[in-house]
Amino acid sequence: MSLNEWRVKFQNLYNSGVRKVILIGGEPTMRMEVIYLAQEIFFGTIVITNGLIKIPDEYNGLIIISLEGMNEVNDAIRG
C-alpha cells in the first residue's frame with residue numbers, strides 16, 4: 001500500500017476509536033515511514049520485529065523482538 005493509503009486506513013481506525021496499533025508481519029521495519037505515520041496518528045504503537053533492521057532512536061513506541069531463525073534455530077527455541 002502507498003503511504004497515503006496507510007494514512008487513510010490509520011485515520012479511519014483512529015476516527016472509529018482505535019488509539020493503539022501493533023505492526024507485525026512482513027517485517028514492519030522495511031517500511032519505517034509507515035511506523036512513523038502510525039506514531040503520528042495513534043497514542044501508542046508496538047512494532048514486532050526480527051531485530052535485523054535497527055529502529056531509529058526517534059521511534060518512541062514499544063519494540064518486541066521475535067526470536068525466530070532458520071529451521072534448526074527456530075526448532076531449538078520453539079520445540
Side-chain angles (χ1 to χ4, degrees):
M1 289 181 4
S2 71
L3 190 59
N4 191 55
E5 289 170 319
W6 278 109
R7 183 179 307 280
V8 169
K9 183 165 289 288
F10 285 164
Q11 198 60 56
N12 287 339
L13 288 168
Y14 184 87
N15 292 342
S16 72
V18 174
R19 296 297 181 258
K20 295 181 180 183
V21 293
I22 300 172
L23 303 173
I24 183 175
E27 189 47 47
T29 58
M30 299 288 291
R31 298 281 311 268
M32 284 303 302
E33 72 276 12
V34 174
I35 293 173
Y36 286 132
L37 178 62
Q39 186 173 270
E40 287 176 24
I41 294 174
F42 299 102
F43 293 125
T45 58
I46 300 169
V47 174
I48 301 178
T49 175
N50 62 20
L52 295 179
I53 298 175
K54 182 182 182 329
I55 296 177
D57 294 337
E58 293 78 27
Y59 174 72
N60 62 8
L62 180 64
I63 301 170
I64 298 173
I65 305 293
S66 171
L67 297 177
E68 297 183 35
M70 301 304 285
N71 288 344
E72 53 277 352
V73 173
N74 187 70
D75 292 348
I77 293 170
R78 296 182 180 258

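Just so you know, these numbers use all the heavy atoms, side chains as well, and skip hydrogens, waters and symmetry mates. In what follows, residues are counted from 1 in the order of the sequence shown.
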Rounded to the nearest 0.5 Å, how far apart are [atom1] of [X] and [atom2] of [Y]?
X   : Y   : atom1 : atom2 : value
R31 : L37 : CZ    : CG    : 10.0 Å
I64 : L23 : CD1   : CG    : 11.0 Å
E27 : I48 : CD    : CD1   : 10.5 Å

Could you tell me whether the side chain of Q39 and the main chain of N60 form a donor-acceptor pair under 3.5 Å?
yes
I'd like to know whether CE of M30 has more than 12 heavy-atom contacts from other residues, nucleotides or ligands below 6.0 angstrom.
no
Contact between I35 and P28 at the side-chain level, heavy atoms closer than 4.5 Å - yes or no?
yes
List for me each residue that meets side-chain contact (heavy atoms from CB on, under 4.5 Å) alongside I55, sequence neighbours excluded, and say none if there are none.
T29, M32, V47, T49, Y59, I63
With sequence neighbours excluded, what pairs up with S2 under the side-chain contact (heavy atoms from CB on, under 4.5 Å) test?
N4, E5
For A38 and V21, the nearest pair of non-hydrogen atoms, with its separation, is CB-CG2, 4.0 Å
In short, L52 meets N50 closest at the heavy-atom pair N-OD1, 2.9 Å
Residues in side-chain hydrogen bond (donor to acceptor under 3.5 Å, both in side chains) with E40, at least two apart?
none
[Y] reachable from [X] in the ILVMFWY side-chain graph, under 4.5 Å edges:
X   : Y   : value
Y36 : V18 : yes
I53 : L3  : no
V34 : L13 : yes

For V8, the other hydrophobic cluster members (4.5 Å side-chain criterion, sorted by chain and number) are none
According to ring pair (Phe, Tyr, Trp, His ring centres under 6.0 Å), who are the partners of F10, at least two apart in sequence or on a separate chain?
W6, F42
Could you list all the salt bridge (charged side-chain N to carboxylate O under 4.0 Å, His left out) pairs where at least one residue sits in residues 56-65, not counting sequence neighbours?
K54-D57
